[in-house]
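Notes to accompany the following structure.
Basis for what follows: all heavy atoms, side chains included, without hydrogens, waters or symmetry-related copies.
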Amino acid sequence: MSYTGDVAKGGPADVRELPALTISKIEVGDFGNNAYLLRCTETGDGLLIDAAAEPDRLLELIGDRPISSIVTTHGHPDHWMALEEVAGATGAQVVAHPLDAGDLPVPVTREVGHGDRVTVGVVTLEVIHLRGHTPGSIALLYQDGHLFTGDSLFPGGVGNTQKDPERFDRLFTDVVERIFDRLPDETWVYPGHGADTTLGAERPALPEWRARGW
């Protein structure tokens with residue numbers, strides 16, 4: 001079966017096999033959080049995006065193969081409630097943006113900013129800083145075709161900015177300039193909650209998002 005990104009709490013991971021990378025998506029916790037396990041097909045090395053909840057399920061997903069990094073997309077607790085246990089069990093480095101690093105329950109091993117690179121085996125991911133949902137929210141981009149957005153971009157809009165017009169303007173501007181103005185419509189979006197989407201599916205609604213302010 002082909003990958004859809006449709007997962008449910010307690011259900012199996014949905015797995016996408018790319019030539020150099022395997023992406024496994026799972027839903028965990030009471031807030032419908034998505035966690036993503038990326039594995040380099042050449043080396044077997046792994047990277048986990050958002051150790052959100054249910055550490056036992058995340059460790060089962062990881063299995064007995066190593067992961068070198070856990071990337072936390074931002075500092076909201078629902079995205080790191082399993083971080084301490086998963087990091088302790090795997091020995092993986094903890095990666096986050098410095099502006100959100102202080103919100104995490106464990107020390108950040110590596111702080112990253114806009115344009116930095118994170119590797120998993122021989123695969124390289126680009127860090128995109130998207131300010132507004134939190135000061136240090138980041139996305140990870142693989143080959144201009146696969147974008148892990150945390151809570152900064154979803155089907156139907158950008159992330160929650162608590163009706164703060166300045167925060168909304170900052171996030172909307174970053175999402176447009178750093179994502180939509182740069183990447184093709186085929187780019188697949190893997191968000192921090194809920195269903196996946198593509199940039200092409202969302203692009204026509206950008207004027208509506210701007211007008212409504214959320």
Side-chain angles (χ1 to χ4, degrees), residues 2-8 14 16 18 21 23 25-27 31-36 38 49-50 52 71-79 95-100 103 112-118 123-214:
S2 60
Y3 175 88
T4 64
D6 295 330
V7 293
D14 197 7
R16 169 169 267 170
L18 302 173
L21 192 69
I23 301 168
K25 176 182 180 180
I26 192 170
E27 180 183 316
F31 299 97
N33 285 77
N34 297 325
Y36 299 92
L38 281 53
I49 300 175
D50 285 345
V71 178
T72 302
T73 58
H74 63 287
H76 287 163
D78 60 309
H79 289 260
V95 181
H97 192 281
L99 293 178
D100 279 19
D103 296 328
V112 292
H114 184 65
D116 285 345
R117 300 293 192 273
V118 177
V123 171
T124 300
L125 307 168
E126 178 187 345
V127 176
I128 301 176
H129 187 197
L130 299 170
R131 301 157 289 187
H133 181 66
T134 66
S137 289
I138 58 173
L140 293 178
L141 175 65
Y142 173 58
Q143 287 191 340
D144 286 1
H146 302 272
L147 182 66
F148 302 87
T149 57
D151 283 2
S152 291
L153 177 62
F154 294 100
V158 298
N160 188 1
T161 52
Q162 281 74 47
K163 299 183 180 180
D164 183 326
E166 292 186 3
R167 286 175 58 195
F168 170 77
D169 183 69
R170 179 74 277 169
L171 179 56
F172 183 83
T173 299
D174 275 0
V175 165
V176 170
E177 293 180 350
R178 297 182 174 187
I179 294 178
F180 282 95
D181 285 354
R182 172 187 166 189
L183 299 173
D185 284 351
E186 295 76 20
T187 301
W188 194 276
V189 176
Y190 306 82
H193 303 262
D196 297 358
T197 187
T198 64
L199 294 187
E202 306 303 323
R203 193 184 301 275
L206 289 174
E208 176 189 344
W209 301 356
R210 166 60 83 183
R212 75 189 185 194
W214 55 273

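Between Tyr36 and Phe148, the ring-plane angle classifies as perpendicular under the 30° and 60° cut-offs.
Nearest approach of Leu147 to Ala139, heavy atoms of both residues: CD1-CB, 4.0 Å. Residues Gly157 and Trp209 share a closest heavy-atom pair of N-CZ2, 3.2 Å. Nearest heavy-atom pair, Tyr190 versus Arg16, reported as atom, atom and distance to 0.1 Å: OH-NH1, 2.8 Å. Nearest approach of Thr187 to Leu183, heavy atoms of both residues: OG1-CB, 3.6 Å. Nearest heavy atoms, Thr73 versus Ile49: CG2-CG2, 3.8 Å. Ile128 and Arg178 get closest at one heavy-atom pair: CG2-CB, 3.9 Å.
Inter-residue side-chain proximity for Val127 and His129 is flagged as unmet; no heavy-atom pair is nearer than 4.5 Å. The side-chain heavy atoms of Val7 and Ile26, taken from C-beta on, include no pair separated by under 4.5 Å. Thr124 is not listed as a side-chain neighbour of Val118, based on a closest heavy-atom distance of 4.5 Å or more. Between Leu140 and Val71, the closest side-chain pair of non-hydrogen atoms falls below 4.5 Å. Residues Thr198 and Asp185 have side chains not in contact (no heavy-atom distance under 4.5 Å, counting atoms from C-beta outward). Contact annotation: the side chain of Thr134 never approaches that of His97 to less than 4.5 Å [non-hydrogen atoms, C-beta and beyond]. Within the 4.5 Å cutoff, the side chain of Asp100 has no heavy atoms near those of the Thr72 side chain. Side-chain contact check for Arg117 versus Val112: every heavy-atom pair is 4.5 Å or farther apart.
Remark: aromatic rings of His76 and His133 are close, center separation under 6.0 Å.
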> Could you go step by step and tell me if Glu208 and Arg203 meet the salt bridge (charged side-chain N to carboxylate O under 4.0 Å, His left out) rule?
Replying inline: CA-CA 10 Å; Glu208 176 189 344; Arg203 193 184 301 275; over 6 Å; no
>> Determine whether Asp14 and Thr4 satisfy the following criterion, side chain to side chain donor-acceptor pair (under 3.5 Å), listing intermediate values before the conclusion.
In response: CA-CA 7 Å; Asp14 197 7; Thr4 64; 3.3 Å; yes
>> Between Thr161 and Trp214, does the side-chain contact (heavy atoms from CB on, under 4.5 Å) criterion hold? Intermediate values first, please.
In response: CA-CA 7 Å; Thr161 52; Trp214 55 273; 5.7 Å; no
>> Please determine whether side-chain contact (heavy atoms from CB on, under 4.5 Å) holds for the pair Glu186 and Leu199, giving the CA-CA distance in whole Å, both sets of side-chain angles, and the decisive distance to 0.1 Å.
In response: CA-CA 6 Å; Glu186 295 76 20; Leu199 294 187; over 6 Å; no
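The number of heavy atoms from other shown groups lying within 6.0 Å of CZ (Phe31) does not exceed 12.
To the nearest 0.5 Å, atom OG1 of residue Thr149 and atom CG of residue Leu130 are 8.0 Å apart. For the atom pair CD1 of Ile179 and CG of Leu141, the computed distance is 8.5 Å after rounding to the nearest 0.5 Å. We find the NE2-CZ distance between His193 and Phe154 to be 5.0 Å, quoted to the nearest 0.5 Å. Between the CH2 atom in Trp188 and the CD1 atom in Ile23 there is a gap of 10.0 Å [rounded to 0.5 Å].
With respect to Lys25 and Asp6, no salt bridge is recorded, no charged nitrogen being found less than 4.0 Å from a carboxylate O.
No donor-acceptor distance shorter than 3.5 angstrom exists from the side chain of His74 to the backbone of Ser137, with no hydrogens or angles considered. Listed for the Asp116 side chain is a donor-acceptor partner under 3.5 Å among the backbone atoms of Gly113. Remark: the backbone N or O of Arg170 is not paired with any side-chain donor or acceptor of Thr173 at under 3.5 angstrom.
Applying the salt bridge (charged side-chain N to carboxylate O under 4.0 Å, His left out) definition to pairs two or more places apart or across chains, none involves residues 151-167.
Under the side-chain hydrogen bond (donor to acceptor under 3.5 Å, both in side chains) criterion, Asn33 pairs with Asp78, His79, not counting sequence neighbours. Considering only residues two or more places apart in sequence or on other chains, Phe172 meets the ring pair (Phe, Tyr, Trp, His ring centres under 6.0 Å) condition with Phe168. Listed by chain and residue number, Asp174 satisfy the salt bridge (Lys or Arg N to Asp or Glu O under 4.0 Å) test with Arg131 (two or more places apart in sequence, or in another chain). Qualifying side-chain hydrogen bond (donor to acceptor under 3.5 Å, both in side chains) partners for Gln143, counting only residues two or more places apart in sequence or in other chains: none. In this structure Ser152 satisfies the side-chain hydrogen bond (donor to acceptor under 3.5 Å, both in side chains) test with no other residue, sequence neighbours excluded.
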